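Predicted model, so just to flag it, every value in this text is computed and none were measured. In what follows, chains are A, B, ... by sequence order, proteins preceding strands, each numbered from 1.
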There are 4 protein chains.
Amino acid sequence: MSSMENAESQGGVAAGELRQFIERVERLEEEKAALQDDIKDVMAELKARGYDVKAVRTILALRKKDPDERQEAEAILELYMNALGMA
Amino acid sequence: MSSMENAESQGGVAAGELRQFIERVERLEEEKAALQDDIKDVMAELKARGYDVKAVRTILALRKKDPDERQEAEAILELYMNALGMA
Amino acid sequence: MSSMENAESQGGVAAGELRQFIERVERLEEEKAALQDDIKDVMAELKARGYDVKAVRTILALRKKDPDERQEAEAILELYMNALGMA
Amino acid sequence: MSSMENAESQGGVAAGELRQFIERVERLEEEKAALQDDIKDVMAELKARGYDVKAVRTILALRKKDPDERQEAEAILELYMNALGMA
DNA sequence: ACACAAAGTTCGCGTC
DNA sequence: GACGCGAACTTTGTGT
């Protein structure tokens, strides 16, 4: 490495720029983790109030899906279950 | 490293033994990957025959679960869905 | 269901309360998804600037780990790799 | 459903065929699970012999990758780490 | 029971 | 545009 190298140009990489990018991502990930914690807290609260967490998770998942798609999928599933005697 | 070192005792690790373990795992993983491929093939065949792959996956998942547990979970889910007007 | 039932007490579930919980989680998940999108954008920007995204991801992962733990883990790994001639 | 329906033609689905497919997959999944158990056993044995399981997992992962690709990736990573002073 | 880890599922990406 | 691959998230199991 030449004597011109410094913190801002290590081996052809603009160190400062790279660092900026990384720190931006890290900040966003921190905020994201904080939200994840918040969700965890709400779930704990839910549970403490006597709700079934797994069922609530299922509800959340269902609400994310398109109702038509979901109904369609359920219909096929039921068809197969009937065919297999899993009613 | 001392002059006593050889392929079977590198830095205090019994290289031969370690290699044996690793190769055993790799063989098992190979077989496992082969089975995974077989499953993939069956799924492709299913699909080619006109079946809905996602629904079949759901069926497989359901069949793995205890029927009582499943029924219980469904009952709770339905209760919540009714409460939320998602019927 | 008895005539006393209303939107707030469906089958013994306090519908309003349940709904509150669910909507709280959904709001948090929305914010979380927005942050995920932001991260995605930064990654795209990184990439456009010529950086290797996978390497940046690795950097981010490394920075999350305790430096001491990491060094220890690396030392063991190197030991094993030497033993196996993977140097 | 018409009076012609039987176990082999439920609602337009060839129940027997569907069942065959599902049972084939289930058999394969069983074998796969058995192998997974075997791997788990080997890992436990490894551990009992004093090896670091996590490091062994890393070795296995590294050996799956193309050596050239890996070296390339490591070079980039090192470059970035130097630029960030993480050496 | 809690946290850590492993498995499965899902989503985004690159490829053809 | 679909398909297969790889990474991320979620969920399930385990060990403390």
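- At the phosphate of F/dT10, OP1 or OP2 sits under 4.0 Å from a side-chain N or O atom of C/Lys32.
- Comparing F/dC9, F/dG6, E/dG14 against the side chain of C/Lys54 picks out F/dG6 as the nearest.
- Of the candidates F/dT10, F/dT12, E/dC13, E/dC13 carries the atom nearest the C/Lys40 side chain, counting heavy atoms from C-beta on.
- With rounding to whole Å, C/Asp52 atom CG is found 14 Å from E/dG14 atom C1'.
- To the nearest 0.5 Å, atoms CZ (A/Arg57) and CE (A/Met43) are separated by 4.5 Å.
- Atom CD1 of C/Ile22 is separated from atom CG of B/Leu84 by 4.5 Å, given to the nearest 0.5 angstrom.
- Whole-Å rounding puts the A/Met43 CE to E/dA3 C1' distance at 18 Å.
- What separates CG of B/Leu62 from P of E/dT9 is a distance of 12 Å, to the nearest Å.
- Take B/Glu74 and apply the salt bridge (charged side-chain N to carboxylate O under 4.0 Å, His left out) test, not counting sequence neighbours, and it matches B/Arg70.
- Closest to the side chain of D/Gln36, out of E/dA7, F/dC9, F/dT12, is E/dA7.
- In this structure the side chain of C/Tyr80 reaches within 4.5 angstrom of the side chain of D/Asp52, judged on heavy atoms.
- Here E/dA5 presents its C1' atom at 16 Å from CD of C/Glu69, a figure rounded to the nearest Å.
- The side chain of A/Arg57 contributes an N or O atom lying less than 4.0 Å from OP1 or OP2 of F/dT11.
- A straight line from CG of D/Asp38 to C1' of E/dA6 spans 17 Å, rounded to a whole angstrom.
- In this structure, CG in C/Asp38 is found 8.0 Å from CD in A/Glu31, a value given to the nearest 0.5 Å.
- When rounded to the nearest whole Å, the span between CG of C/Asp66 and P of E/dC4 equals 13 Å.
- Separating the CG atom of C/Leu28 from the P atom of F/dT10 is a distance of 13 Å, rounded to the nearest angstrom.
- Protein atom CG of C/Asp41 is 14 Å distant from nucleotide atom C1' of E/dG12, rounded to whole Å.
- Between D/Lys47 and B/Lys65, it is B/Lys65 whose nearest contact on DNA chain F lies nearer the 5' terminus.
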